[in-house]
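A short write-up of the structure that comes next.
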Amino acid sequence: MAHWLFKSEPSVWSFAMQVKAGDKGTEWSGVRNHAAKLNMMAMQLGEEGFFYHSNDGRAIVGIVTVTKLFHPDPSDETGKFGMVDIAAVKALPKPVTLETIKAMKRLAKMELVANSRLSVQKVTDDEWAIVKDLGGL
DNA sequence: GCCAACGTTGGC
DNA sequence: GCCAACGTTGGC
């Protein structure tokens, strides 16, 4: 199973809102980037990803799971892009900050550091295990 | 609030 | 099809 990372500004859509939205999941709409789209197309049902708060927070705060495979995003008039649905799984007992990630040698290659602007990223098995551990899971 | 990095757009 | 200009993102 592959692992992922979803990035969101908490003032727009926070992990707390994702939790409140329940188990069924919500549409991860509005992605207009091809690299992010390819990542979403590769996602399988039940695969898990980190939920990262950009700007305000700058930390990985929770885990989400894919509840619906890649499908068209009605908000995209060009029809080129799409989205998956995700639902919150659990919060990290200890959020893992960007600062911590940058300070860890084994996490230095994370896309979060290398390509911070990509909104849906791939996370390696190694990175997944390390961050979960740092997060207290 | 600034600025670097990156993606997209549009003129040629 | 190239590339300069522009807009957006996100860390600091």
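Throughout, protein chains are lettered first and strands after them, A, B, ... in sequence-line order, and every chain is numbered starting at 1. Computed from a predicted structure; not experimentally measured.
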Requested in this report: For A:His53 and C:dG11, give me the distance from atom NE2 to atom P, rounded to whole Å.
Outcome: 12 Å
Query - Over 12 non-hydrogen atoms of neighbours within 6.0 angstrom of CG in A:Asp56 - result: no
Query raised in the report: Between B:dT8, C:dT8, C:dG11, which nucleotide gets closest to the side-chain atoms of A:His34?
Result: B:dT8
Query raised in the report: Which whole-number value in Å describes the distance from A:Leu118 CG to C:dT8 P?
Result: 18 Å
Requested in this report: Give the ring-plane orientation class for A:Phe6 versus A:Trp28, where under 30° counts as parallel, over 60° as perpendicular and anything between as tilted.
Outcome: perpendicular
**Report entry** Atom of A:Val12, atom of A:Met17 and distance for their closest heavy-atom approach
**Finding:** O-SD, 4.0 Å
Query raised in the report: A:Ile101 CD1 to C:dG11 P: how many Å, rounded?
Result: 10 Å
Query raised in the report: Counting any heavy atom closer than 4.0 Å, what does A:Leu98 reach on the DNA or RNA strands: base, sugar-phosphate only, or nothing?
Result: sugar-phosphate
Query raised in the report: For the pair made of CG in A:Leu38 and P in B:dG7, what is the distance, rounded to whole Å?
Result: 12 Å
Requested in this report: Round to a whole Å and report the spacing from CG of A:Asn115 to P of C:dT8.
Outcome: 19 Å
Report task. Search all heavy atoms of A:Val113 against all heavy atoms of A:Ile101 and return the closest pair with its distance. Result -> CG2-CG2, 3.8 Å
Report summary line: Taken to the nearest whole Å, CZ/A:Phe81 to P/B:dG7 is 12 Å
Query raised in the report: Taking atom types as modelled, is there a side-chain donor on A:Arg117 or A:Ser54 under 3.5 Å from an acceptor on the other?
Result: no
Query raised in the report: What closest approach, in Å, do A:Trp13 and A:Ser8 show between heavy atoms, and which atom pair accounts for it?
Result: O-OG, 2.6 Å
Query raised in the report: Which range-with-range stems can be found for DNA chain C when each stem has 3 or more Watson-Crick or G-U pairs in a row and both distances sit under 3.5 Å?
Result: B:1-12 with C:1-12
Query raised in the report: Under 4.0 Å between a side-chain N or O of A:Lys80 and OP1 or OP2 of B:dT8?
Result: no
Requested in this report: Compare side-chain N and O positions of A:Tyr52 against OP1 and OP2 of C:dG11 and report whether any pair is under 4.0 Å apart.
Outcome: yes
Report task. Send over the distance from A:Asp56 CG to C:dC12 C1', rounded to a whole Å. Result -> 14 Å
Query raised in the report: Which atom names give the shortest non-hydrogen contact between A:Ala87 and A:Gln18, and what distance separates them?
Result: CA-NE2, 3.9 Å
Requested in this report: Find the distance A:Leu112:CG to B:dA5:P and express it as a whole number of Å.
Outcome: 17 Å
Query raised in the report: So does A:Arg117 reach the base of C:dT8 with its side chain, donor to acceptor, closer than 3.5 Å?
Result: yes
